[in-house]
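Working notes for the structure below.
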Amino acid sequence: MNFKQSLLVVATLIFMISCTESKKEPEALKYVEEPHSYAQPNEAVITHLNLDIDVNFDKEVISGSANYNIDNNNANEIILDAKNLVIEKVQADGKDTKFSLGSYDESLGQPLKIEITPETKKITVFYQTTDKTEAVQWLNPQQTADKKHPFLFTQGQAILTRTWIPIQDSPQIRITYDATVRVPKDLMAVMSAENPKEKTADGVYNFKMVQKIPPYLMALAVGDIAYKPVSNRTGVYAENSMVDAVQDEFSEMEKMMVEAEKLYGKYAWDQFDVIVLPPSFPFGGMENPRLTFATPTLIAGDKSLTSVVAHELAHSWSGNLVTNTTWDDFWLNEGFTVYFENRIMEALYGKDRANMLGLIARQDLDEEVEGFKETPEMTHLKLDLKGKNPDDGMNSIAYDKGFLFLKTLEELVGREKFDVFLKNYFQSNAFSTMTTERFVEYLNKNLLEKHQITFNTDEWIYNPGVPSNAFEIKSDKFEKVKQTIADIMKSNKADKEVAKDWTTQEWVYFIRNFPEDITPDQMAIIDNAFDLTNSTNSHKAMVWYEQAIKHDYRGNDVDQKIEEFLIKVGRRWYVSTLYKAYAGADKVDEGMAIYKKARQNYHSVTANTIDGVLGYNK
């Protein structure tokens with residue numbers, strides 16, 4: 001080969017390589033576009049947070065700095081989410097840099113646009129919260145159990161973390177974090193991280209979360225609290241007057257952990273603790289990693305409401321380990337968790353208990369579907385929440401239709417195959433996010449096609465309502481409860497002995513299944529026999545009060561008890577059920593009169609919901 005021929009070969013090779021390069025598909029984007037965050041993580045994304053804050057109860061302000069490591073894809077700008085925060089200054093790699101806040105959206109807040117260079121690796125935002133910060137609730141001593149010291153807690157799900165930390169507030173973005181938190185010396189701070197077991201002398205607390213979590217799982221609580229262990233990896237925090245009762249109520253946490261690990265693999269978060277917060281906490285529980293936040297309404301004295309603890313533990317796999325990529329995929333967090341919770345409860349307490357829980361869930365689902373009859377698209381598992389607050393999708397559809405989808409699959413393919421599938425799903429997707437579409441692909445490949453099974457997956461996920469092939473859960477115990485109702489209605493007599501061994505689930509089913517034409521006199525017969533108006537079990541009380549409002553029962557000072565309940569309890573499910581009952585019974589004025597007294601005790605998550613139910617104008 002002569003010199004000219006050599007040049008020709010080289011030129012040809014270069015041409016062929018360039019053609020091959022030009023035909024390559026563009027690299028797939030790591031993050032999907034989603035409507036509830038201003039962040040552009042494919043350009044520049046946060047990877048680690050070092051939070052340094054002061055908690056000032058006198059001013060009711062959190063202030064300090066959020067220091068981020070970032071993964072910079074040759075960008076000149078990084079965008080964070082912020083809502084109702086004062087941004088004092090911003091630095092890039094330790095030097096002041098330009099920033100701007102975009103236009104304000106009622107749900108999303110504002111984009112915080114920060115000028116960087118393609119070489120920038122760190123940013124720092126100096127900021128403070130305001131009196132409009134929705135995630136944080138500041139409680140005065142009278143709003144706590146011990147009534148001696150103030151209390152603070154945050155609630156980040158779905159998009160409220162941006163109201164107390166400027167952050168890329170999307171569930172598909174996972175970060176590790178460290179934090180230094182300074183609080184008054186007589187209080188303790190705890191977070192969704194490695195936690196102290198005792199108060200420090202100076203009120204300074206240091207935290208570390210080494211596993212990557214989405215921002216909605218960032219959580220902080222500050223109060224006069226104490227810790228009690230349940231096992232070497234489980235324990236409880238609560239105010240001093242409650243901590244012994246909480247430890248006793250949740251004494252089966254380790255047993256739950258053992259059963260969960262038998263089902264779907266090793267617990268990935270090292271420690272599982274629960275903190276019981278003041279009554280205004282808006283949820284039954286919130287699955288913040290390592291430290292579940294819980295409502296005191298779970299403390300019934302007989303462990304009858306601890307399925308909520310099983311639910312939050314199950315989230316350690318479904319939700320925290322494998323997370324919905326966007327809030328449109330929320331059912332992937334909650335449907336899986338209700339299914340997992342049900343399996344834990346079955347393992348600990350038997351199939352009867354699990355079936356009763358499943359049937360109550362089905363009743364909740366049917367009511368939710370009926371409530372969405374004007375907007376049936378909201379009963380899809382895969383939602384389209386663009387232009388809506390993601391809170392709109394946090395209802396029984398995601399939880400109970402998602403559970404029923406998985407329960408129907410389990411019954412079709414067999415529990416053994418289904419458990420292998422779910423365990424592999426959690427382990428192969430650990431510390432990552434999942435879209436509905438990717439899950440369907442995974443389901444087809446690893447379960448349905450593998451075992452040559454036909455299933456109407458698309459109908460379940462993308463169509464309204466509940467498909468006709470939904471598994472029918474049955475309970476002999478509930479059949480006996482229904483007979484008890486029929487006997488009482490026929491005889492106008494109630495024998496308290498018939499219910500002496502009932503579980504909370506049987507009581508709830510009993511009360512919720514009163515006939516529509518039940519009279520106040522018949523409710524009085526039931527109340528006089530079972531003293532439901534004075535029940536100390538919060539779930540029983542809630543469903544009884546709902547029936548009292550709907551059927552105009554006024555006996556045994558029930559109106560006063562309902563008002564006391566609504567003023568004290570801030571759990572959104574409970575209070576929204578009762579305010580909806582007032583609205584549905586054309587008693588909005590009665591509900592509004594109570595709400596005006598109670599609203600100041602509610603977290604913003606609860607208040608925003610009830611504002612809509614009653615048409616309250618702030």
Side-chain angles (χ1 to χ4, degrees), residues 60 106 131-132 134 137-145 147 151 155 277-284 295-297 367-368 371 389 391-392 394-395 508 511-512 514 516-524 526-528 531-618:
E60 295 190 347
E106 188 64 33
D131 60 0
K132 294 181 180 179
E134 296 163 272
Q137 186 169 21
W138 302 87
L139 301 172
N140 63 50
Q142 288 304 308
Q143 293 171 300
T144 69
K147 307 197 182 303
F151 206 104
Q155 172 53 44
L277 298 169
S280 61
F281 183 64
F283 300 135
T295 169
T297 61
E367 287 183 13
E368 199 79 77
N389 192 309
D391 218 36
D392 294 346
M394 296 184 177
N395 54 51
V508 169
I511 298 166
R512 287 177 65 171
F514 291 164
E516 283 299 316
D517 60 355
I518 192 172
T519 66
D521 286 343
Q522 289 170 319
M523 289 192 67
I526 292 169
D527 198 12
N528 290 334
D531 197 23
L532 292 170
T533 291
N534 296 306
S535 175
T536 57
N537 181 299
S538 61
H539 198 176
K540 283 169 59 178
M542 182 268 287
V543 293
W544 173 252
Y545 296 155
E546 179 188 20
Q547 294 284 25
I549 296 165
K550 288 170 64 176
H551 298 290
D552 206 33
Y553 173 64
R554 307 278 180 167
N556 291 336
D557 296 321
V558 70
D559 288 338
Q560 179 183 339
K561 290 292 185 178
I562 294 171
E563 180 171 321
E564 290 172 359
F565 185 90
L566 287 171
I567 289 173
K568 180 181 178 181
V569 173
R571 187 175 178 181
R572 182 173 64 171
W573 172 32
Y574 284 4
V575 300
S576 64
T577 296
L578 299 187
Y579 287 118
K580 286 175 183 176
Y582 278 118
D586 198 23
K587 299 176 182 177
V588 171
D589 289 346
E590 287 185 45
M592 187 70 81
I594 298 172
Y595 186 49
K596 287 178 179 177
K597 300 175 186 177
R599 191 178 188 276
Q600 64 179 345
N601 296 328
Y602 295 161
H603 188 274
S604 66
V605 166
T606 300
N608 289 339
T609 296
I610 310 308
D611 288 351
V613 170
L614 297 179
Y616 178 85
N617 293 316
K618 302 175 187 178

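All values below come from the heavy atoms of this structure, side chains included, with hydrogens, waters and symmetry mates left out.
Side-chain contact check for Val575 versus Tyr595: every heavy-atom pair is 4.5 Å or farther apart. Under the 4.5 Å side-chain criterion, counting only non-hydrogen atoms from C-beta, Asp611 is in contact with Arg599. Side-chain contact between His603 and Arg572 is absent, with no heavy atoms from C-beta onward closer than 4.5 Å. A 4.5 Å side-chain heavy-atom check between Glu60 and Gln137 finds every atom pair outside the cut-off. Considering only heavy atoms from C-beta on, Ile567 comes within 4.5 Å of Glu563 through its side chain. Met592 places none of its side-chain heavy atoms less than 4.5 Å from the side chain of Tyr579.
Checked by atom type and distance alone, the side chain of Gln143 pairs as donor or acceptor with a backbone atom of Asn140 at under 3.5 Å. Between the side chain of Tyr553 and the backbone N or O of Thr519, no donor-acceptor pair lies under 3.5 Å. Panel note: side chain Thr295, backbone Gly284; no donor-acceptor pair is recorded below 3.5 Å. A donor-acceptor pair under 3.5 Å links the side-chain atoms of Thr609 to the main chain of Val605, judged by distance alone. A donor-acceptor pair is defined here as one N or O able to donate and one able to accept, closer than 3.5 Å; such a pair exists between the side chain of Thr606 and the backbone of Gly570. Counting only distance, with no hydrogens or angles, the side chain of Asn528 and the backbone of Ala524 share a donor-acceptor pair below 3.5 Å. Here the side chain of Asn395 pairs a donor or acceptor atom with the backbone of Asp392 at under 3.5 angstrom. Using modelled atom types, no side-chain atom of Asp559 and backbone atom of Ile562 make a donor-acceptor pair closer than 3.5 Å. A donor-acceptor pair under 3.5 Å is formed between the side chain of Lys147 and the backbone N or O of Thr144.
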Show the numbers, then the answer: is there a side chain to side chain contact (heavy atoms under 4.5 Å, CB included) between Val588 and Tyr582? CA-CA 5 Å; Val588 171; Tyr582 278 118; 6.0 Å; no
Evaluation steps, side chain to side chain donor-acceptor pair (under 3.5 Å), between Ser280 and Asn601: CA-CA 6 Å; Ser280 61; Asn601 296 328; over 6 Å; no
Run Gln547 and Ile518 through side chain to side chain contact (heavy atoms under 4.5 Å, CB included) and show every step you take. CA-CA 10 Å; Gln547 294 284 25; Ile518 192 172; 5.6 Å; no
Which is it for Glu367 and Lys580 under the salt bridge (Lys or Arg N to Asp or Glu O under 4.0 Å) test, yes or no, and what are the steps along the way? CA-CA 13 Å; Glu367 287 183 13; Lys580 286 175 183 176; over 6 Å; no
Give the intermediate values and the outcome of side chain to side chain contact (heavy atoms under 4.5 Å, CB included) for residues Lys561 and Asn556. CA-CA 9 Å; Lys561 290 292 185 178; Asn556 291 336; over 6 Å; no
Salt bridge (Lys or Arg N to Asp or Glu O under 4.0 Å) between Arg554 and Glu590: does it pass, once the steps are laid out? CA-CA 13 Å; Arg554 307 278 180 167; Glu590 287 185 45; 3.0 Å; yes
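Lys568 NZ: 12 or fewer foreign heavy atoms inside a 6.0 Å radius.
Ring centers of Phe565 and Trp544: at least 6.0 Å apart, outside the cut-off.
Contact record, Ala581 with Lys550: CB-CG, 4.3 Å, taken as the closest heavy-atom pair. When every heavy atom of Pro278 is checked against every heavy atom of Pro296, the shortest pair comes out as O-CD, 3.7 Å. Listed here is the closest heavy atom pair of Ser576 and Trp573: OG-O, 3.3 Å. Between Thr533 and Gly555, the shortest heavy-atom distance links the atoms OG1-O, 4.5 Å. Nearest heavy-atom pair, Ala541 versus Ser535, reported as atom, atom and distance to 0.1 Å: CB-O, 4.1 Å.
Ion pairing between Asp589 and Lys587 fails under the 4.0 Å rule for side-chain N and carboxylate O.
Distance CD1/Ile594 to CG/Leu614: 10.0 Å, rounded to 0.5 Å.
Classified by interplanar angle (parallel below 30°, tilted 30° to 60°, perpendicular above 60°), the ring pair Phe283/Phe281 is perpendicular.
When each of Leu566, Val558, Ile511 is tested with Tyr545 by the rule side-chain contact (heavy atoms from CB on, under 4.5 Å), just one qualifies, namely Val558. When Val508, Leu532, Leu578, Thr577 are each tested for a side-chain contact (heavy atoms from CB on, under 4.5 Å) with Val543, only one passes: Val508.
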